[in-house]
Amino acid sequence: MTPSTLISAFAEDVRHYLQLSPRQLPSMYLYDALGSALFDAICELPWYAITRGEMRLLERHRSEIFAHLHGLTRLVELGPGDGRKLKTLVEGTSEPLIGHLIDVSAGALERAAHTLSDALNLRVVTHQAPFEDGLDAIMRVEDDAIVHEESADRTLVLFLGSNIGNFDQRGSAALLTRIAASLGPGDAFLIGADLVKPERDLLLAYDDPLGVSAAFNLNVLLRINRELGGTFDLRAFRHHAEWNAACSRMDMFLVSTRDQRVRVKAVDLEFELRDGEAIWTESSYKYTPDALITQLEHSGFESMAQWIDRDAGFALTLARTT
Ligand code: AVJ
């Protein structure tokens, strides 16, 4: 997928999702260059424990992870963030590896590739695409390559940082099933998932006192203004995060603080927002360790090992296809 196809997909989605009821914006559009940088800043906040918890688990268990995966030659990471998690992982082996990074954000890919440039045993290939498209492209090439190769070299797909949290039940089942289908015998999948925890901890993680989460959320309106000729007045929206216990997820919204009219010129869209009306911008589903394993089992995987960081309330699960 070329960057220009991605831009028109953005335009299409903005027009479609802003007219739904309730109004929405798909969370993947939070990650332009500034959005990705703001997310990296969120990871440094004392209230957002996901990244630190996962880094501890990767550091502590990477040798064990590699011990499960003899003949591993290829890593495929969906949404590598700043690249530090993958770097921490590959420092656990001296075997030469190829790392395919898939992300919709060119900026994030650049930063990740830069971080990984001093991991000497890793050769990095980047793919600017939605996860499914990138995975399909890599695995298609792999299928062709395998015909010419003697040894079956193995792939580990990484889906870290609780990126799975952005997918609802159906969406995550669809994505996990697709990942499982792309894997061959001996390949594996490593998934990091944030766990259900006390509501006050979740509220601090998604509505932090420094306002970084608010900036991260509001940035999607700035992006629409810049890329699609939007007229959003950023000062007339406030960030709101809430715990949806019934669905086991955190929801993020941008709430209009007055009656207002908004245009998005590039897609010829014009609409009214009432005072207090919300645009739903993200859901982050929270798992229990068992619910995650069940979800994997329903999607064609079996769990090989699971590690939990109690301090962060975070689980890393290694699985293979059944
Ligand atoms: C990158 C999707 C895992 O859901 O915790 C952080 C994004 N949103 N703060 C998450 C996010 C608000 C993050 N993920």
Side-chain angles (χ1 to χ4, degrees), residues 24-55 57-58 77-86 101-105 107-109 111-112 130-131 158-169 171-172 175-176 190-221 223 237-244 247-255 278-287 292 309 312-317:
Q24 306 169 33
L25 287 167
S27 59
M28 70 165 168
Y29 298 118
L30 293 163
Y31 302 92
D32 62 352
L34 178 55
S36 297
L38 287 167
F39 175 66
D40 291 349
I42 288 174
C43 295
E44 301 293 329
L45 298 174
W47 309 281
Y48 191 81
I50 288 184
T51 318
R52 281 182 301 278
E54 189 169 47
M55 287 289 263
L57 288 171
L58 287 169
E77 184 169 11
L78 311 178
D82 63 8
R84 278 162 55 195
K85 289 169 294 194
L86 185 58
L101 313 182
I102 307 174
D103 206 287
V104 288
S105 162
L109 286 171
R111 242 196 331 281
F131 297 150
L158 303 155
F159 197 32
L160 302 176
S162 206
N163 284 339
I164 187 71
N166 281 163
F167 294 79
D168 64 14
Q169 191 78 17
S172 70
L175 180 61
L176 294 178
L190 185 66
I191 180 166
D194 198 25
L195 302 175
V196 176
K197 52 182 63 85
E199 183 173 352
R200 64 174 183 283
D201 296 341
L202 288 167
L203 290 174
L204 279 168
Y206 288 86
D207 189 5
D208 63 271
L210 267 185
V212 185
S213 303
F216 170 68
N217 196 6
L218 280 161
N219 173 58
V220 75
L221 301 184
R223 180 178 183 184
F237 289 86
R238 66 180 172 83
H239 170 66
H240 176 67
E242 72 186 35
W243 171 240
N244 182 334
C247 297
S248 191
R249 68 182 197 220
M250 282 302 296
D251 286 330
M252 253 180 22
F253 303 92
L254 291 163
V255 181
I279 302 172
W280 175 25
T281 51
E282 186 179 50
S283 290
S284 300
Y285 286 78
K286 303 303 172 188
Y287 286 83
L292 186 77
D309 185 283
F314 193 90
L316 205 54
T317 308

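As the structure lists them, so they are numbered: ligands from 1, and atoms in each ligand from 1.
Using modelled atom types and a 3.5 Å distance limit, the side chains of D207 and S213 yield no donor-acceptor pair. A donor-acceptor pair shorter than 3.5 Å cannot be found between the side chains of E282 and N217.
Using bins of under 30°, 30° to 60° and over 60° for the plane-to-plane angle, the ring pair F39/Y48 lands in the perpendicular bin.
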Give every pair formed by an N or O atom of ligand 1 and a protein N or O atom closer than 3.5 Å, one pair per line with both atom names and the distance to 0.1 Å, or write none.
{"from": "ligand 1", "atom 1": "4 (O)", "to": "Y206", "atom 2": "OH", "distance (Å)": "3.4"}
{"from": "ligand 1", "atom 1": "4 (O)", "to": "S284", "atom 2": "OG", "distance (Å)": "2.5"}
{"from": "ligand 1", "atom 1": "5 (O)", "to": "Y48", "atom 2": "OH", "distance (Å)": "2.5"}
{"from": "ligand 1", "atom 1": "5 (O)", "to": "Y206", "atom 2": "OH", "distance (Å)": "2.4"}
{"from": "ligand 1", "atom 1": "8 (N)", "to": "E282", "atom 2": "OE1", "distance (Å)": "2.5"}

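Every side chain to side chain contact (heavy atoms under 4.5 Å, CB included) that N244 has, sequence neighbours left out, goes to A246, C247, R249, D251. Residues passing the side chain to side chain contact (heavy atoms under 4.5 Å, CB included) test with M250 are L202, L203, Y206, A241, W243, S284, K286, sequence neighbours excluded.
Within the structure, the salt bridge (Lys or Arg N to Asp or Glu O under 4.0 Å) test picks out the following pairs touching residues 31-42 (sequence neighbours left out): D32-R226, D40-R111.
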